[in-house]
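Here the structure comes first, spelled out in structure tokens, and everything after it is commentary.
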Amino acid sequence: MRARVQASIERQGMMKTLGVELIAVERGRVELALRHDERFTQQHGFLHAGAVAAVLDSACGYAAYSTMRPGAEVLTATYTINLLAPAAGDRFAITGQVIRAGRTLVVCRGEAFAGAAAPFAVMQATMMALYDRPGLSG
């Protein structure tokens, strides 16, 4: 499973640009890491919400992907993000966890941490499983 997720992350231009690292993957759960980079900050020096949302979305997507049978693909159907505190720190842990997996829709929860016990951002996302779609792979 780890190799399948890692290969998919490496094909994502956004994750590559942000320097996202795969830390852990198990069925229904993924942990990613992101280092602070001033290229991805907002005017106050905090990590930009767009970067946070992108990595949370991917963490949820890969958590969903880890529950699907081989050959399935995943796309985001919807997400809601709550930014609870500024994204301040040197390294961020981003997790995605499946809450419920159906055949087509998978609901996930994402959390972003900056070393503290409480997350600075949370996401609820619905992922859509795609089967037998030519041109889509991992």
Side-chain angles (χ1 to χ4, degrees):
M1 175 56 58
R2 182 179 178 89
R4 187 173 157 216
V5 170
Q6 182 66 49
S8 181
I9 287 173
E10 290 172 4
R11 288 191 302 274
Q12 274 201 42
M14 176 65 94
M15 295 303 102
K16 195 179 299 184
T17 298
L18 292 172
V20 171
E21 178 185 354
L22 176 62
I23 301 300
V25 60
E26 58 190 68
R27 183 172 171 79
R29 186 177 188 287
V30 168
E31 182 178 348
L32 304 174
L34 174 65
R35 293 196 179 279
H36 182 272
D37 185 322
E38 69 178 36
R39 295 176 301 162
F40 310 121
T41 60
Q42 42 85 296
Q43 70 275 19
H44 303 295
F46 301 120
L47 192 62
H48 193 283
V52 173
V55 182
L56 278 167
D57 176 42
S58 285
C60 287
Y62 285 117
Y65 187 60
S66 74
T67 67
M68 295 177 189
R69 65 179 159 99
E73 300 303 334
V74 64
L75 291 176
T76 303
T78 185
Y79 67 70
T80 300
I81 185 170
N82 293 102
L83 303 164
L84 309 171
D90 294 326
R91 184 173 167 90
F92 307 99
I94 314 287
T95 61
Q97 176 84 38
V98 170
I99 304 302
R100 182 170 180 186
R103 188 176 100 59
T104 305
L105 297 178
V106 181
V107 176
C108 301
R109 176 180 172 87
E111 296 181 313
F113 299 88
F120 66 84
V122 294
M123 174 180 280
Q124 180 167 312
T126 302
M127 302 294 159
M128 174 178 43
L130 300 174
Y131 300 95
D132 305 317
R133 294 283 181 104
L136 288 181
S137 67

Which value, rounded to the nearest 0.5 Å, describes the distance between I9 atom CD1 and R2 atom CZ? 8.5 Å
List for me each residue that meets side chain to side chain contact (heavy atoms under 4.5 Å, CB included) alongside Q12, sequence neighbours excluded, and say none if there are none. M15, S58, Y62
All N/O donor-acceptor pairs, side-chain side in residues 43-53, below 3.5 Å, sequence neighbours left out:
unit_1: H48; atom_1: ND1; unit_2: G50; atom_2: N; d: 2.8

Who passes salt bridge (Lys or Arg N to Asp or Glu O under 4.0 Å) against E111, sequence neighbours left out? R109
Interatomic distance, CD1@I81 vs CG@L56, rounded to 0.5 Å, equals 5.0 Å
Under the rule for salt bridge (Lys or Arg N to Asp or Glu O under 4.0 Å), what residues qualify as partners of R103, not counting sequence neighbours? none
List, one per line, each side-chain donor-acceptor pair under 3.5 Å for residues 115-126, sequence neighbours excluded.
none

Once side chain to side chain contact (heavy atoms under 4.5 Å, CB included) is applied, do any residues pair with H36, and if so which ones, sequence neighbours excluded? T41, F92
Apart from I99 itself, which Ile, Leu, Val, Met, Phe, Trp or Tyr residues share its cluster (side-chain heavy atoms under 4.5 Å, direct or through members)? V107
So do Y131 and R69 actually touch side chain to side chain, heavy atoms under 4.5 Å? yes
Give a yes or no on whether the backbone of E31 and the side-chain of T95 come within a donor-acceptor separation of less than 3.5 Å. no
For Q97, side-chain hydrogen bond (donor to acceptor under 3.5 Å, both in side chains) partners two or more places apart: none
How would you list all residue pairs meeting salt bridge (charged side-chain N to carboxylate O under 4.0 Å, His left out) that involve residues 39-63, not counting sequence neighbours? D37-R39
Enumerate the salt bridge (charged side-chain N to carboxylate O under 4.0 Å, His left out) contacts for residues 17-30, please, sequence neighbours excluded, ordered by first and then second residue. E21-R91
Under the side chain to side chain contact (heavy atoms under 4.5 Å, CB included) test, residues paired with M14 that sit two or more places apart: L18, A54
